[in-house]
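Report on the structure given below.
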Amino acid sequence: MTPVLECILAVFIIVLIVVAVVLTIFTVKLFQEAALALMSIKELTDMAKKELAPALISLNKVLATVNNVSNATNKQFELVKKILTTLLGASCVAFTNVKGKGGFFSGLVSGFNMFRKKRR
C-alpha cells in the first residue's frame with residue numbers, strides 16, 4: 001500500500017470511531033431521557049388515578065341517588081295517573097248515569113225544594 005492510501009485509511013478509521021462514540025453517547029442520552037419521561041408519565045397517571053378515584057366514586061353515588069329519585073318520581077306519577085284515571089273513570093260513569101236517567105237531578109232538586117218549603 002502506498003503511504004497516501006494508508007493515511008486516508010487511518011483518517012477514515014479515526015472518523016468512524018469518533019462517529020460511533022458520538023452516536024453511542026447520543027443513544028445513551030436518548031434512552032435516559034426516554035426512561036425519565038416514561039417515569040414522569042407513570043407518576044402523572046398514578047397521581048391522576050389517585051385524585052380521580054374519589055371523585056368518580058362520589059359521582060357514581062350522586063348518579064345512583066338521582067336514579068333513585070327519578071324512579072321514585074316515576075312511581076309517584078304512575079300512582080297519580082292511576083288515581084286520576086280511576087276518579088275520572090268513575091266520575092264519567094256517574095255523569096253518564098245521571099244524564100242517562102235524569103232522575104238523580106230531579107230527585108235532588110225535589111228533595112232540596114221539600115226541605116226549603118218546610119222552613120217557611
Side-chain angles (χ1 to χ4, degrees):
M1 276 211 269
T2 61
V4 175
L5 189 61
E6 287 177 4
C7 184
I8 292 175
L9 191 59
V11 170
F12 180 69
I13 290 173
I14 292 173
V15 168
L16 279 178
I17 291 173
V18 169
V19 168
V21 168
V22 169
L23 282 177
T24 305
I25 291 172
F26 281 134
T27 306
V28 168
K29 289 286 188 181
L30 177 69
F31 285 143
Q32 285 177 346
E33 292 295 322
L36 286 174
L38 289 175
M39 284 191 289
S40 297
I41 290 172
K42 184 181 181 305
E43 289 175 5
L44 179 66
T45 55
D46 289 342
M47 183 175 57
K49 181 181 175 184
K50 182 179 171 185
E51 295 295 326
L52 288 178
L56 290 176
I57 290 171
S58 177
L59 180 65
N60 194 15
K61 288 179 182 178
V62 167
L63 289 176
T65 304
V66 167
N67 190 22
N68 289 338
V69 169
S70 175
N71 287 339
T73 305
N74 285 340
K75 287 178 184 177
Q76 293 297 325
F77 277 129
E78 289 297 322
L79 180 64
V80 169
K81 182 180 172 184
K82 188 183 284 186
I83 289 171
L84 288 177
T85 303
T86 305
L87 288 177
L88 290 178
S91 64
C92 288
V93 169
F95 285 130
T96 304
N97 289 339
V98 168
K99 288 181 183 176
K101 294 183 181 177
F104 177 75
F105 279 128
S106 62
L108 185 65
V109 170
S110 64
F112 183 71
N113 288 334
M114 186 171 57
F115 284 118
R116 210 173 70 186
K117 287 182 184 175
K118 284 186 177 180
R119 282 189 167 179
R120 289 184 184 177

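Keep in mind that this is a model prediction, so the values were computed, not measured.
For residues 63-74, there are no side-chain hydrogen bond (donor to acceptor under 3.5 Å, both in side chains) pairs, not counting sequence neighbours.
Atoms CG and CG, from L30 and L23 in turn, are 11.5 Å apart once rounded to the nearest 0.5 Å. Of the inter-residue distances, the one linking T85 atom OG1 with E78 atom CD reads 9.0 Å to the nearest 0.5 angstrom. The CG atom of L36 lies 5.5 Å from the CD atom of E33; values are rounded to the nearest 0.5 Å.
One hydrophobic cluster holds both V11 and V19 under the rule that ILVMFWY side chains link at heavy-atom gaps under 4.5 Å. A continuous path of Ile, Leu, Val, Met, Phe, Trp and Tyr side chains, each step under 4.5 Å between heavy atoms, connects I13 with L5, placing both in one hydrophobic cluster.
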Sequence neighbours excluded and cut-off under 3.5 Å, please list the side-chain donor-acceptor pairs for residues 44-64, or say none.
unit_1, atom_1, unit_2, atom_2, d
T45, OG1, I41, O, 3.1
T45, OG1, K42, O, 2.8
D46, OD2, K42, NZ, 3.1

